[in-house]
Amino acid sequence: MPGMTAYVPDAERGLRRVFVRDLTVEARLGVLPKEVVPQRVVIGIELLVRDESAPAGVGPDRLERVVDYGAAAEKARLVATTGHTRLAETLAERIAVACLEDSRVVSARVTVEKPDILPHVGAVGVSVERRRN
């Protein structure tokens, strides 16, 4: 996610980083009249997740012990493509909060980019962070 400081795994704190980069969806997002139809939206997700095998161990090689990045991507896709969201901030917040539904996720950073909205600009967007209380 360009322009964002990445979460860093921290073995001493028992944390790993899980990420989804450049998830591209067609979503109805925006306040402009032309944005009532779906447009290309690019989503990035970074999760800081509890790592029960840190700092020195290796956990069981089983999917159920980890936060599944495929499931996180699918959750973000569903949130982004359901209904019409006016603000990129709201969409990013909804995705971040949805990621926190997994109790192993300590914090979530989500970036929502609209690459086709302004001429001569690669993308515009927003990044948010939400943390477990």
Side-chain angles (χ1 to χ4, degrees):
M1 288 175 271
M4 222 175 123
T5 303
Y7 280 169
V8 177
D10 187 335
E12 289 307 314
R13 291 177 52 214
L15 299 172
R16 72 167 58 92
R17 175 179 176 245
V18 176
F19 64 91
V20 175
R21 227 181 253 140
D22 299 329
L23 170 64
T24 303
V25 300
E26 292 291 318
R28 290 185 293 139
L29 174 64
V31 295
L32 300 176
K34 68 180 181 178
E35 295 177 308
V36 296
V37 297
Q39 65 177 296
R40 189 165 57 120
V41 174
V42 181
I43 300 166
I45 303 167
E46 285 188 278
L47 306 176
L48 209 49
V49 177
R50 287 190 190 92
D51 182 354
E52 73 286 345
S53 300
V58 175
D61 191 22
R62 295 193 321 265
L63 181 59
E64 59 272 4
R65 83 171 179 96
V66 299
V67 171
D68 180 355
Y69 46 76
E74 191 51 40
K75 186 177 292 193
R77 179 184 307 283
L78 182 63
V79 170
T81 59
T82 300
H84 180 203
T85 306
R86 292 175 48 83
L87 301 176
E89 291 83 352
T90 302
L91 179 57
E93 291 163 354
R94 287 176 180 164
I95 294 168
V97 168
C99 289
L100 289 174
E101 289 172 359
D102 186 317
S103 63
R104 298 168 293 181
V105 176
V106 174
S107 55
R109 285 185 179 172
V110 176
T111 298
V112 171
E113 298 181 53
K114 295 164 55 173
D116 303 321
I117 198 68
L118 293 179
H120 313 295
V121 174
V124 297
V126 63
S127 295
V128 303
E129 179 182 52
R130 293 295 178 266
R131 295 179 181 204
R132 181 167 309 289
N133 290 334

> Can you list the residues that meet the salt bridge (Lys or Arg N to Asp or Glu O under 4.0 Å) rule with Arg94, with sequence neighbours excluded?
none
> Quick one: closest heavy-atom pair of Val110 and Ala92, and the distance?
CB-O, 3.8 Å
> Group every Ile, Leu, Val, Met, Phe, Trp and Tyr by side-chain heavy-atom contacts under 4.5 Å, then state whether Tyr69 and Leu23 land in the same group.
yes
> Quick check: do Tyr7 and Glu129 have side-chain heavy atoms less than 4.5 Å from each other?
yes
> With heavy-atom distances below 4.5 Å as the criterion, would you say the side chains of Val66 and Arg16 are in contact?
yes
> Whether the side chain of Arg132 engages the backbone of Leu100 through a donor-acceptor N/O pair (distance < 3.5 Å, no angle test) should be reported.
yes
> What closest approach, in Å, do Ala27 and Ala80 show between heavy atoms, and which atom pair accounts for it?
CB-O, 3.2 Å
> Could you tell me whether a side-chain N or O of His84 sits under 3.5 Å from a main-chain N or O of Gly30, the two making a donor and an acceptor?
yes
> Rounded to the nearest 0.5 Å, what's the gap from CG on Leu48 to CZ on Arg109? Could you check?
8.5 Å
> If I take atom CD from residue Gln39 and atom CG from residue Asp116, how far apart are they, to the nearest 0.5 angstrom?
7.0 Å
> To the nearest 0.5 Å, what is the distance between OG (Ser103) and CZ (Arg50)?
6.5 Å
> Give, for atom CG of Leu29 and atom CD of Glu113, the distance between the pair rounded to the nearest 0.5 Å.
12.0 Å
> Taking the side chain as every heavy atom from C-beta outward, state whether Leu15 and Asp51 have any atom pair closer than 4.5 Å.
no
> Under a 4.5 Å cut-off applied to non-hydrogen side-chain atoms, are Lys75 and Glu101 in contact?
yes
> One pair to check against side chain to side chain contact (heavy atoms under 4.5 Å, CB included): Leu63 and Asp68. What are the steps and the verdict?
CA-CA 7 Å; Leu63 181 59; Asp68 180 355; 4.0 Å; yes
> I'd like to know if Arg65 pairs up with Glu52 as an ion pair, taking the criterion as any Lys NZ or Arg NE/NH1/NH2 lying under 4.0 Å from an Asp or Glu carboxylate oxygen.
yes
> May I ask you to test the Ile43-Val25 pair for a side-chain heavy-atom distance under 4.5 Å?
yes
> Measuring from atom OG1 of Thr82 to atom CG of Leu91, what distance do you get when rounded to the nearest 0.5 angstrom?
10.0 Å
> Less than 4.5 Å apart, side chain to side chain, heavy atoms only: is that true for Val58 and Ser53?
no
> Salt-bridge test for Arg28 and Glu35: reply yes if a basic N is under 4.0 Å from a carboxylate O, no otherwise.
no
> Looking at side-chain heavy atoms only, is the closest gap between Lys34 and Ile117 below 4.5 Å?
yes
> Checking Leu47 now: which residues fulfil side chain to side chain contact (heavy atoms under 4.5 Å, CB included) with it, not counting sequence neighbours?
Val18, Ile45, Val49, Val67, Ala72, Cys99, Val105, Ala108
> Using modelled atom types only, decide if a donor and an acceptor are shared between the side chain of Glu89 and the backbone of Val126 within a distance under 3.5 Å.
no
> Look at the side-chain heavy atoms of Ile, Leu, Val, Met, Phe, Trp and Tyr, link any pair under 4.5 Å apart, and say whether Val124 and Leu32 land in one connected group.
yes
> Drop me the distance from Glu93's CD to Arg130's CZ, to the nearest 0.5 angstrom.
4.5 Å
